[in-house]
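Here's the structure we're looking at; comments come further down.
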Amino acid sequence: MPADAAAFLAGIDADWARLVAQVGPCGHEPKPAREPYEALVRAVAYQQLHVKAGDAILARLLALHPQQAFPLPAQLLDADFDAMRACGFSARKIETIRGIAAATLEGVVPGLYAALALPDEELIARLSALKGIGRWTVEMFLIYSLDRPDILPADDFGVREGYRLLKSLETAPAPTALAAIGAAWSPHRTAAAWFLWRVPRPPKAKARRAAAG
């Protein structure tokens, strides 16, 4: 993350300045060495699950293919359905993973070096067209696997709720509205999302009282 991202955001207005002062330096930690194929399969494993459950499912998947650090696309495409179910994948996730594997072999999912050369929106369009892979999943891939500095996941509940709290709004902005607002945060929208995820949340009891009052 560029060192000047926090300073840029703090200069937007007093609310942003206060948030940056509260949270401190941006600690965004991407993992840019992963192949897009692997990153997407991992993302599917964790969809709608707690981290520990996703970790367990992935560990069982890796145990099926001890010869590689991560199973190859052809191996997942040909994997036995019952063996995948035994890992903990739902039938829908198995279908999604097989689709990712097939798209990788067909060249739709690019390799890492090819992905690094492609624009954000082109990657979002190509990868979100895959069944079971939405825009949010691709944006997480861009943020954490490709280390793109200017991605705002406007559909993300935590980002929208963070902005609501930052600006003391009654309701969070719609994704399209937040995307428009966030244009002013470019070229550091990834850092903006990181900070919005960390807006201090009010205690539940206090929040309930505020809602009642």
Side-chain angles (χ1 to χ4, degrees), residues 1-30 36 39-40 43-44 46-51 92 96 115 118-213:
M1 187 62 60
D4 60 346
F8 173 87
L9 295 170
I12 291 174
D13 59 31
D15 293 325
W16 276 102
R18 184 166 53 252
L19 175 61
V20 171
Q22 284 179 316
V23 175
C26 182
H28 173 57
E29 295 181 354
L40 291 174
V44 171
Y46 285 96
Q47 283 176 350
Q48 299 176 323
L49 293 175
H50 293 294
V51 173
R92 185 174 182 178
T96 297
L118 292 172
D120 296 337
E121 287 302 323
E122 182 174 339
L123 281 167
I124 290 172
R126 282 175 64 166
L127 300 180
S128 62
L130 299 175
K131 188 172 183 178
I133 302 295
R135 184 182 179 94
W136 180 89
T137 298
V138 183
E139 287 171 337
M140 294 302 104
F141 161 68
L142 293 174
I143 289 172
Y144 289 103
S145 294
L146 295 188
D147 195 17
R148 295 290 171 92
D150 200 28
I151 303 297
L152 178 64
D155 292 309
D156 187 274
F157 173 80
V159 170
R160 293 169 56 226
E161 179 65 6
Y163 187 77
R164 184 189 73 80
L165 293 169
L166 177 71
K167 292 297 180 180
S168 301
L169 304 174
E170 289 189 9
T171 58
T176 52
L178 184 61
I181 293 167
W185 310 336
S186 183
H188 300 296
R189 284 178 286 188
T190 297
W194 188 91
F195 278 103
L196 290 174
W197 276 320
R198 287 159 179 80
V199 173
R201 267 53 174 173
K204 289 184 178 180
K206 182 179 178 180
R208 282 196 297 268
R209 286 198 299 272

**Request:** Report yes if some heavy atom in the side chain of Thr96 is under 4.5 Å from a heavy atom in the side chain of Gln47; otherwise report no.
**Result:** no

**Prompt:** What residues form a side-chain hydrogen bond (donor to acceptor under 3.5 Å, both in side chains) with Arg164, not counting sequence neighbours?
**Reply:** Glu161

**Item:** Qualifying residues under side chain to side chain contact (heavy atoms under 4.5 Å, CB included), relative to Glu121, sequence neighbours excluded
**Value:** Ile124, Arg135

**Asked** Roughly how far, to the nearest 0.5 Å, is the CD atom of Glu122 from the CG atom of Leu127?
**Response** 10.0 Å

**Message:** Does Arg92 have more than 12 heavy atoms from other residues, nucleotides or ligands lying within 6.0 Å of its CZ?
**Reply:** no

**Item:** Closest non-hydrogen atom pair between Ala184 and Phe8, with its separation
**Value:** O-CZ, 3.8 Å

**Asked** With a 4.5 Å limit on heavy-atom distance, are the side chains of Val138 and Ile133 in contact?
**Response** yes

**Complete:** Here the gap from Ile151 atom CD1 to Tyr144 atom OH, rounded to the nearest 0.5 Å, amounts to 12.5 Å

**Taking every non-hydrogen atom, the tightest pair across Asp150 and His188** = OD1-N, 3.4 Å

**Item:** Sequence neighbours excluded - salt bridge (charged side-chain N to carboxylate O under 4.0 Å, His left out) pairs with any residue from residues 170-180
**Value:** none

**Fill in**
Looking only at heavy atoms, the pair that brings Ile143 and Thr190 closest together is CG2-CG2, 3.9 Å

**Request:** For residues Val199 and Leu166, report the shortest heavy-atom separation together with the two atoms involved.
**Result:** CG1-N, 4.2 Å

**Request:** Sequence neighbours left out, what pairs pass salt bridge (charged side-chain N to carboxylate O under 4.0 Å, His left out) with at least one residue falling in residues 173-187?
**Result:** none

**Message:** Please check this pair: side chain of Ser186 against backbone of Gly182, looking for a donor-acceptor N/O pair closer than 3.5 Å.
**Reply:** no

**Pair listing, side chain to side chain donor-acceptor pair (under 3.5 Å) test, anchored in residues 151-160, at least two apart** = Trp136-Asp156, Asp156-Trp197

**Request:** Give me the one residue out of Tyr163, Phe195, Trp194 that meets ring-ring contact (aromatic ring centres under 6.0 Å, His included) with Trp185.
**Result:** Tyr163

**Fill in**
Correct closest heavy-atom pair for Ala115 and Leu123 would be O-CD1, 3.5 Å

**Message:** Going by the rule side-chain hydrogen bond (donor to acceptor under 3.5 Å, both in side chains), which residues pair with Ser128 if we only count those two or more places apart in sequence or in a different chain?
**Reply:** none

**Request:** With sequence neighbours left out, write down each residue that passes side chain to side chain contact (heavy atoms under 4.5 Å, CB included) with Ala43, or none if nothing qualifies.
**Result:** Thr137

Result block: side-chain N/O donor-acceptor pairs under 3.5 angstrom for residues 9-26, not counting sequence neighbours:
unit_1, atom_1, unit_2, atom_2, d
Asp13, OD1, Asp15, N, 3.1
Asp13, OD1, Trp16, N, 2.9
Asp13, OD2, Lys167, NZ, 2.5
Asp15, OD1, Arg18, NH2, 2.5
Asp15, OD2, Lys167, NZ, 2.9

**Message:** Distance check, rounded to the nearest 0.5 Å: Asp120 atom CG versus Leu152 atom CG?
**Reply:** 12.0 Å

